[in-house]
2 protein chains.
Amino acid sequence: MSSQNSSETVDAAPRIPQRKRGRERVAALLKAGAEVFSEKGYEAATMTEIAARAGASIGSLYQFFPTKELLAKALHEAYLADLSSMLEGVRQEASGQSAAGMADRLFDGLLAFLAERPAFSALAERRDIDKEQKRKTGAAMREQIAGLLASTSQPFPKARREAMAAVVLQLMKVAVSLSSEEDADRRRAVQFELRQMLKGHLNSVQVA
Amino acid sequence: MSSQNSSETVDAAPRIPQRKRGRERVAALLKAGAEVFSEKGYEAATMTEIAARAGASIGSLYQFFPTKELLAKALHEAYLADLSSMLEGVRQEASGQSAAGMADRLFDGLLAFLAERPAFSALAERRDIDKEQKRKTGAAMREQIAGLLASTSQPFPKARREAMAAVVLQLMKVAVSLSSEEDADRRRAVQFELRQMLKGHLNSVQVA
DNA sequence: GAGTTTTGTGAGGACATGCTCATATAACTC
DNA sequence: GAGTTATATGAGCATGTCCTCACAAAACTC
């Protein structure tokens, strides 16, 4: 009886770090997790390797992150928050500009964001992600981007705003997936074309 | 002696079906594989489930496909061949048309292709794919698309032809990733925007 | 130092999955 | 029917991975 929890179905509550050492451990674990997730992908990443790379034992890892999925979730949520503030930064900085200028800032911001967080796509695309949560997150991001587009010097027709936001998202994903293109010349050429294409499209929709 | 192979290190040569029953089995196994791969993704798909869904035993499955990866590869290569003939079809049918018309045909062809092969993206994105092979496949596809663009009524400047082909390829990948978007309205809206955007861009480059 | 809390450890349990193999059955040839 | 080849079967092996647990060592409080 009793063993470790009193109420029912409280499977494995994570231990929240209280001391400095604990917080440093958690930071190291998150960092190692990000590395391994980005190198191997979510499924192929192993908890053993993550612990080893953080210089910790598996037991330590599991005290703070009782589940592989919870570790991924913690990282993912932190990244989403970063993403959101990056978008907010673009908004404050480029509000009132032309749509093309906004697109440039967005491109730059997102490329920088992803360059610093190579695990992002692996976490965003993992299969055991909560479906409803995924839907909500996507909706929130599209809404924020739509807000960006609306703060442009010459706003978009409401009817197409949502779709434009979704297109921007998709194009950003392409720009990112290009970062694994080995031929640097081609990578730059394609990123250039994508940027031009998006700016031209935004323009044409505004004019229409 | 002899059993089935003579030389050394021939780890598990696949058995090629000789009789009608064997060919039917292989067909059923491929079909079941496509189903499970598309539902669960490559890594989470299990050989046991594939065999069961094909109405075969695991042993049977492993006689024709000695490895999970070989099963995926067989499916993937068949799909790539289909894709290539689809592109060839577009070329024969739309050669001499405007770039916009070509883009429309391309989009239609690709959407139809994907609708019939829901496992394609799971197979194309699996991690244990051969890297050199991947590079070759990409190069071949870009070349074929460049040929398409060149057969247009008003061809592209040579300097940008390669980049344009790469852009088209990337946009096709977006369309692929969009096929998993659940909200059908949004999926259609985004596909519409992508189509318009590509057509506009092709146009502007031709004119320039 | 005694007592308490937090953090650390790693062997091993439980389980899933890719794959093998000895053996059986069907189909085809003569 | 005898002989041969192709196909079928599924128990079980090998392996890898998530996670647990009993206990140890710090670190902090008094």
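In this text, all values refer to a predicted model and were calculated from it rather than measured experimentally. Only heavy atoms go into these numbers, but all of them, side chains included; no hydrogens, no water, no symmetry mates. In what follows, chains are A, B, ... by sequence order, proteins preceding strands, each numbered from 1.
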Mind checking [X] for me? I need base, sugar-phosphate or nothing, with any heavy atom below 4.0 Å counting as a touch.
{"X": "B:Phe65", "result": "nothing"}
{"X": "B:Ile16", "result": "sugar-phosphate"}
{"X": "A:Leu70", "result": "nothing"}

If I take atom [atom1] from residue [X] and atom [atom2] from residue [Y], how far apart are they, to the nearest 0.5 angstrom?
{"X": "B:Phe113", "Y": "B:Met86", "atom1": "CZ", "atom2": "CE", "answer": "7.0 Å"}
{"X": "B:Arg126", "Y": "B:Lys134", "atom1": "CZ", "atom2": "NZ", "answer": "9.5 Å"}
{"X": "A:Met102", "Y": "A:Arg91", "atom1": "CE", "atom2": "CZ", "answer": "8.0 Å"}

Quiz prompt | Residue pair B:Met197 / A:Leu171, side-chain heavy-atom distance below 4.5 Å | solution = yes

Side chains of residues 138-146 of chain A: which donor-acceptor pairs under 3.5 Å do they make with residues two or more places apart or in other chains?
| residue | atom | partner | partner atom | Å |
| --- | --- | --- | --- | --- |
| A:Gln144 | OE1 | A:Ser84 | OG | 3.2 |
| A:Gln144 | NE2 | A:Ser84 | O | 3.1 |
| A:Gln144 | NE2 | A:Ser84 | OG | 3.4 |

Interatomic distance where [atom1] belongs to [X] and [atom2] belongs to [N] [whole Å]:
{"X": "A:Ile50", "N": "D:dC19", "atom1": "CD1", "atom2": "P", "answer": "11 Å"}
{"X": "B:Arg19", "N": "C:dT25", "atom1": "CZ", "atom2": "P", "answer": "17 Å"}
{"X": "B:Lys40", "N": "C:dA16", "atom1": "NZ", "atom2": "P", "answer": "13 Å"}
{"X": "A:Glu49", "N": "D:dG16", "atom1": "CD", "atom2": "C1'", "answer": "14 Å"}

Quiz item: Parallel, tilted or perpendicular: which fits the ring planes of B:Phe120 and B:Tyr79, with parallel below 30° and perpendicular above 60°?
Solution: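 Ring orientation, 0 to 90° scale: tilted.
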
Self-check item: Proximity to DNA chain D (any heavy atom under 4.0 Å), residues of residues 20-28 of chain B only
Solution: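 Close to the strand are B:Arg21, B:Gly22, B:Arg25.
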
Quiz item: Per the side chain to side chain contact (heavy atoms under 4.5 Å, CB included) rule, which among B:Leu149, B:Leu111, B:Val168, B:Leu198 passes with B:Leu106?
Solution: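 Of all the options given, the one that passes is B:Val168.
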
Exercise. Flag this pair as yes if the NZ/CZ of A:Lys68 is under 6.0 angstrom from the six-membered ring centre of A:Tyr42 and inside a 45 degree cone about the axis; otherwise no.
Key: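 Yes, A:Lys68 lies over the aromatic ring of A:Tyr42.
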
Close N/O contacts between protein and nucleotides 17-22 of chain C (under 3.5 Å):
| residue | atom | partner | partner atom | Å |
| --- | --- | --- | --- | --- |
| C:dG18 | OP1 | B:Ala45 | O | 3.2 |
| C:dG18 | OP1 | B:Lys68 | NZ | 3.2 |
| C:dG18 | OP2 | B:Met47 | N | 3.0 |
| C:dC19 | OP2 | B:Tyr62 | OH | 3.4 |
| C:dC19 | OP2 | B:Lys68 | N | 2.8 |

